[in-house]
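Contents: one structure, followed by commentary.
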Amino acid sequence: MRFAVLGSGSRGNGMVVEVGATLLLIDCGLSVLQVKRRLAALDKRPEDLTAVVVTHEHSDHVGGVAGLARTYDLPMWATPGTALAAGLLDVAGCELFDCHAPFSVADIELMPFPVPHDAREPSQLVCGDGRRRLGVLTDVGSLTPHIEACLDACDALVLECNHDAAML
């Protein structure tokens, strides 16, 4: 399993996770052009992407997903609340997941979990390949025992720590 952060911050978030021939984009708050450029820095192309998983509907996490999905005929996954709030339900290839139930995208096992955040139905993820587990935790309002339990057995953890309501 390999991963790389394409962007983190209010101007756009996104990261890729790669297992075998599967290249998964988690969140897409970047423009199609920016995704293309940032993937190129990893010797990857948008055509190499298998799917996009969206954690919540804030524009810095979802702003570019519909355009990317349409341009490259990519399936995208979101919770029903996120898909509704982000206007993704009418985009071809929109798949829904339950943030309490695991699912797979090709070679990557995804274990979503709900988080407290000011969004409709936000979730975060643990990505696995059967041997290793990568936890992804971005834009969470506060840590809970459930979040800690979900991330406890991870081999690696990606944290985004750039949101502070008091600073806003």
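The model shown is predicted, which means the values in this text are computed figures rather than measured ones. Below, each value reflects all heavy atoms present in this structure, side chains not excepted, and no hydrogens, waters or symmetry copies.
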Spatial distance of atom [atom1] ([X]) from atom [atom2] ([Y]) [nearest 0.5 Å]:
X      : Y      : atom1 : atom2 : answer
Thr138 : Leu159 : OG1   : CG    : 9.5 Å
Leu68  : Arg70  : CG    : CZ    : 11.0 Å
Asp129 : Arg2   : CG    : CZ    : 13.0 Å
Glu121 : Ser123 : CD    : OG    : 7.5 Å
Gln124 : His56  : CD    : NE2   : 7.5 Å

remark   = Scanning both residues in full, the closest heavy-atom pair of His58 with Ala119 reads NE2-CB, 4.1 Å
message = Which heavy atom of Thr82 sits nearest to which heavy atom of Ala78, and what is that distance?
response = CG2-CB, 4.0 Å
Would you say [Y] ends up clustered with [X] if hydrophobic residues are merged whenever their side chains have heavy atoms under 4.5 Å apart, either directly or through other cluster members?
X      : Y      : value
Met15  : Val53  : yes
Val5   : Leu24  : yes
Leu125 : Val140 : no
Val52  : Trp77  : no

Quick one: does [X]'s side chain get under 4.5 Å of [Y]'s, heavy atoms only?
X      : Y      : result
Ile147 : Pro116 : yes
Val16  : Leu23  : yes
Glu160 : Leu137 : no
Val158 : Phe3   : yes

ask   = Are Leu151 and Leu157 close enough, and set up right, to give a side chain to side chain contact (heavy atoms under 4.5 Å, CB included), and what steps lead you there?
value = CA-CA 8 Å; Leu151 299 175; Leu157 184 59; 3.9 Å; yes
Keeping the roles fixed (side chain from [X], backbone from [Y]), state whether a donor-acceptor pair exists under 3.5 Å.
X      : Y      : result
Glu57  : Val62  : no
His117 : Asp139 : yes
Asp60  : Asn13  : no

message = Apply side chain to side chain contact (heavy atoms under 4.5 Å, CB included) to residues Met1 and Leu134 and explain how you reach the verdict.
response = CA-CA 9 Å; Met1 179 185 301; Leu134 169 67; 3.6 Å; yes
Using atom types as modelled, flag every donor-acceptor pair under 3.5 Å from a side chain in residues 86-115 to any protein atom, sequence neighbours excluded.
{"residue": "Asp98", "atom": "OD1", "partner": "His100", "partner atom": "N", "Å": "2.8"}
{"residue": "Asp107", "atom": "OD2", "partner": "Thr22", "partner atom": "OG1", "Å": "3.2"}

Below 3.5 Å, can you tabulate the donor-acceptor pairs from side chains in residues 25-44 to any protein atom, sequence neighbours excluded?
{"residue": "Asp27", "atom": "OD1", "partner": "Thr55", "partner atom": "N", "Å": "2.8"}
{"residue": "Asp27", "atom": "OD1", "partner": "Thr55", "partner atom": "OG1", "Å": "3.1"}
{"residue": "Asp27", "atom": "OD2", "partner": "Thr55", "partner atom": "OG1", "Å": "2.8"}
{"residue": "Asp27", "atom": "OD2", "partner": "His61", "partner atom": "ND1", "Å": "2.7"}
{"residue": "Ser31", "atom": "OG", "partner": "Gln34", "partner atom": "N", "Å": "3.0"}
{"residue": "Gln34", "atom": "OE1", "partner": "Arg38", "partner atom": "NE", "Å": "3.0"}
{"residue": "Gln34", "atom": "OE1", "partner": "Arg38", "partner atom": "NH2", "Å": "3.1"}
{"residue": "Arg38", "atom": "NH1", "partner": "Leu6", "partner atom": "O", "Å": "2.7"}
{"residue": "Lys44", "atom": "NZ", "partner": "Glu18", "partner atom": "OE2", "Å": "2.7"}

query = Arg45: what forms a salt bridge (charged side-chain N to carboxylate O under 4.0 Å, His left out) with it, not counting sequence neighbours?
reply = Glu47, Asp48
